[in-house]
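The structure under discussion appears below in the form of structure tokens.
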There are 2 protein chains.
Amino acid sequence: MASPDDPAPTRPRPATIWDVAHAAGVSVGTVSKALNGRGQLRAETREAVRTTAARLGFRPNDLAQSLLRKRSFTIGLISTDRYGRFSIPVLEGIEDALEAARISVFLCSASDDPARERQHIDSLLAKRVDGIIVTGRRTDARTAIDLGGASVPVLYAFAQVADPAAPYLLPDDFGGASLAGEHLIGLGRTCIAHVTGPERFEAVRQRRDGLRQALEAHGLAWRRERVLSGSWSEAWGHAAVTKLLARRPGIDAIACGSDQIARGVVDALRERGVRVPDDVAIVGFDNWEIIAAATRPPLTTIDMNLKHLGREAGMRMLAMIDGDIAAGVVRLGCQLVVRESCGAARAGRVAS
Amino acid sequence: MASPDDPAPTRPRPATIWDVAHAAGVSVGTVSKALNGRGQLRAETREAVRTTAARLGFRPNDLAQSLLRKRSFTIGLISTDRYGRFSIPVLEGIEDALEAARISVFLCSASDDPARERQHIDSLLAKRVDGIIVTGRRTDARTAIDLGGASVPVLYAFAQVADPAAPYLLPDDFGGASLAGEHLIGLGRTCIAHVTGPERFEAVRQRRDGLRQALEAHGLAWRRERVLSGSWSEAWGHAAVTKLLARRPGIDAIACGSDQIARGVVDALRERGVRVPDDVAIVGFDNWEIIAAATRPPLTTIDMNLKHLGREAGMRMLAMIDGDIAAGVVRLGCQLVVRESCGAARAGRVAS
DNA sequence: GGCGCAACGGAAAAGGTTTTCCTCTGGGTT
DNA sequence: AACCCAGAGGAAAACCTTTTCCGTTGCGCC
């Protein structure tokens with residue numbers, strides 16, 4: 001096991017600036033200038049140093065540079081839920097945005113274990129990261145991470161936080177659900193039900209309200225008994241259909257709280273001989289390709305643009321590192337992705 | 001935008017060891033000794049330093065430590081496929097194993113773009129990572145990553161590499177498929193088909209051969225026409241059933257190359273009134289919870305123990321950092337996870 | 001009372017890089 | 001011929017921590 005006490009094994013050391021200077025017969029300062037295009041150097045000196053450095057495979061030691069610059073050019077990414085379907089695109093987006101600034105990402109999966117989270121944060125602070133992004137949605141706002149007095153910018157992406165002074169980015173669940181509602185209404189559906197996840201999730205409440213707003217904006221009544229809250233599973237979608245059809249046979253559309261739920265709903269309807277979309281139109285939420293595309297018919301659904309959210313998070317983090325201060329929530333738009341479960345012409349993506 | 005040329009914005013600097021020494025009225029060397037339990041110090045000196053350090057929120061700068069130790073206590077993780085279902089558990093396992101050694105992980109998603117991969121590797125080498133783990137399966141063996149002369153241990157986890165001198169870890173696809181076959185045979189099935197992914201995947205060939213071996217070991221004939229290669233999708237599983245039933249009505253079990261395929265197969269069978277598992281038993285591969293558990297009936301399937309594979313990768317990386325040299329492939333066992341699609345008593349996990 | 005030894009803690013080097021400041025050389029000017 | 005200046009590159013400090021090597025102090029002992 002490697003532990004901080006072990007010495008490094010004997011391994012050919014990477015070339016240092018000193019090695020280059022020695023080989024090229026100049027001083028270390030000159031090498032630095034030659035390689036970085038600084039100072040007053042003859043062209044041939046510069047060139048000689050360059051070729052020597054290349055020959056030796058010299059690569060400046062970022063650790064030393066960071067020590068000097070007081071910037072490590074790294075950030076920490078803490079994911080509080082285990083990496084799942086949602087964190088991945090966010091993460092990709094973040095990397096995308098940060099790559100341009102040549103910033104690397106430390107990954108920490110803290111899976112809701114406070115002790116582990118503490119340890120990760122300690123480690124990140126010791127490594128002098130330039131910033132920390134926290135991601136991973138939960139039912140409720142999480143507590144702000146404890147920096148122990150350190151002064152490092154922290155951004156919450158696809159995560160909610162109780163601290164009003166903290167900046168955080170979330171998808172516009174309300175708007176997304178609205179979009180779904182508008183789509184159904186635009187297709188002539190009037191008797192719309194809502195099968196969704198556990199009410200304790202803020203996203204569930206937002207989506208419910210967004211849908212409601214769309215309906216009411218078009219003069220359609222909002223009925224409590226057409227809203228069924230359960231779990232985030234296919235099984236719940238399946239079960240909900242039974243309840244729904246027993247209560248309300250006149251339903252002509254169901255807006256679902258997630259694609260998984262939607263798939264359960266679609267399967268259940270098909271089994272009962274209810275045609276989708278002819279008899280009942282279905283719209284999902286998440287655009288989780290693996291589910292949405294495999295459903296028969298493929299799901300029209302709402303995409304939260306998580307990669308874009310990640311990219312935005314990266315950009316904002318960059319700004320914060322440069323001294324910007326930000327606070328409060330920013331909600332980023334969702335998009336409707338049209339497939340076949342609503343019967344609309346397949347028009348690709350419609351901007352929100 | 002942050003760029004290497006920008007100065008750090010004015011932000012309260014973290015306390016240094018000098019600040020602590022100054023505040024405590026001792027020298028920096030003494031502070032170091034007090035905090036690290038080295039040297040000969042009076043107990044009260046030690047205590048005084050400790051409280052001062054705590055008061056100032058002092059946290060040793062890992063960058064400076066790494067410079068001195070010539071070990072950065074970081075590793076790079078390069079994923080060549082976009083982070084998907086498979087990389088995540090591997091990654092968790094790696095983190096798990098490395099956490100004990102207080103090693104942090106740099107995440108790089110190179111999504112098969114060689115230029116981007118190059119840039120990532122450069123960046124990792126500049127940061128003096130102690131090692132690099134490459135993950136992300138592809139159809140064929142990938143080329144070894146190019147370290148440009150640097151001497152850093154590299155391990156491939158859930159990835160194949162053309163270089164015979166490189167160490168890599170893979171799940172035992174052959175053994176896993178064998179396990180699936182044994183299970184079906186043990187339940188009395190004798191006419192077993194195989195619906196799987198594209199033949200160009202080495203995993204597909206391994207699994208096919210593993211299944212074959214199990215059948216032949218029990219004196220069952222292996223028939224080419226009962227093997228259907230297609231894509232990794234549910235749709236293919238669905239389509240394959242049509243072909244299969246037309247050709248071979250006597251089938252009493254289908255071993256599938258993935259859970260997605262299996263789900264397509266199960267759905268297709270149900271639609272045709274074929275009962276699962278009564279008429280035909282189905283076994284999947286992957287144990288992708290979200291698919292396997294939602295299938296009706298839930299899939300009996302093979303788990304590749306990817307988290308364990310990741311943990312193993314972490315352990316081996318630790319050994320390599322300490323000077324161990326390793327080469328060649330190591331295959332890690334799979335497990336059978338019994339649910340309901342084969343009709344066996346639900347006995348939980350059976351070790352391989 | 002002088003000596004030696006143990007206990008304690010300070011000084012300084014090392015690690016690799018950048019940057020500022022300084023020195024040296026040579027050419028041009030008066 | 002003396003001087004100045006620019007051009008070129010070297011020396012050293014700074015970043016922060018650890019560790020080795022010493023120096024100092026106080027005590028016990030002869």
Side-chain angles (χ1 to χ4, degrees), chain A residues 3-8 11 13-50 52-53 56-73 125-128 130 150, chain B residues 4-8 11 13-50 52-53 56-73 125-128 150:
Chain A
S3 92
D5 297 328
D6 294 340
R11 200 188 303 274
R13 291 190 308 95
T16 71
I17 198 172
W18 188 91
D19 298 327
V20 178
H22 189 73
V26 296
S27 74
V28 293
T30 304
V31 174
S32 175
K33 287 171 207 159
L35 263 28
N36 296 319
R38 303 277 161 89
Q40 306 266 46
L41 272 65
R42 263 180 310 161
E44 56 257 44
T45 308
R46 226 177 261 283
E47 198 45 41
V49 170
R50 285 225 173 91
T52 310
L56 267 45
F58 170 70
R59 212 184 303 270
N61 186 333
D62 261 12
L63 267 36
Q65 290 188 336
S66 297
L67 197 56
L68 205 55
R69 296 199 213 274
K70 297 149 161 303
R71 281 271 317 264
S72 64
F73 289 90
L125 291 176
K127 290 199 154 45
R128 297 298 190 263
D130 297 335
Chain B
D5 297 327
D6 294 342
R11 201 189 301 278
R13 291 189 309 94
T16 72
I17 198 171
W18 188 92
D19 298 327
V20 178
H22 188 76
V26 296
S27 75
V28 293
T30 303
V31 174
S32 175
K33 287 172 209 160
L35 262 28
N36 297 317
R38 303 275 159 91
Q40 305 265 46
L41 272 63
R42 262 181 310 161
E44 56 258 45
T45 308
R46 226 176 261 284
E47 200 45 42
V49 170
R50 285 228 172 90
T52 310
L56 266 45
F58 170 70
R59 211 183 305 267
N61 185 333
D62 261 11
L63 267 35
Q65 288 189 339
S66 297
L67 198 55
L68 206 54
R69 295 198 215 274
K70 296 150 160 301
R71 282 270 318 264
S72 64
F73 289 91
L125 291 176
K127 290 201 153 47
R128 296 298 189 266

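Just so it is clear: chains get the letters A, B, ... in the order the sequence lines come, proteins before strands, and each one is counted from 1.
- In the set D:dC21, D:dT18, D:dG10, D:dT18 carries the atom at the smallest distance from any side-chain atom of B:Val28.
- Smallest separation of non-hydrogen atoms from A:Gly39 and A:Arg46: O-NH2, 3.4 Å.
- At a threshold of 4.0 angstrom between heavy atoms, the contacts of A:Leu68 include nucleobase atoms, whether or not backbone atoms are also involved.
- When each of B:Arg128 and B:Val26 is assigned the nucleotide of DNA chain C with its nearest heavy atom, B:Val26 is the one assigned upstream, toward the 5' end.
- Applying the 4.0 Å criterion to OP1 and OP2 of D:dT19, one finds that B:Ser32 has every side-chain N and O outside that range.
- OP1 and OP2 of D:dC16 both lie 4.0 Å or more from every side-chain N or O belonging to B:Thr16.
- Checking the phosphate oxygens (OP1, OP2) of D:dC16, a side-chain nitrogen or oxygen of B:Arg13 falls inside 4.0 Å.
- For A:Lys70, no side-chain nitrogen or oxygen approaches OP1 or OP2 of D:dA14 to under 4.0 Å.
- OP1 or OP2 of D:dT18 sits under 4.0 Å from a side-chain N or O of B:Gln65.
- Listed pair A:Thr30 / D:dG9 fails the phosphate criterion, with no side-chain N or O lying under 4.0 Å from OP1 or OP2.
- Extent of DNA chain C lying under 4.0 Å from chain A heavy atoms, first and last nucleotide in 5' to 3' order, is C:dG16 to C:dT20.
- Residue B:Asn61 has no polar side-chain atom (N or O) positioned under 4.0 Å from OP1 or OP2 of D:dC15.
- Heavy atoms of A:Thr45 sit under 4.0 angstrom from primed sugar atoms or phosphate atoms, though from no base atom.
- Residue B:Ile17 places its side chain closer to D:dT18 than to any other of D:dT18, D:dG9, D:dT19.
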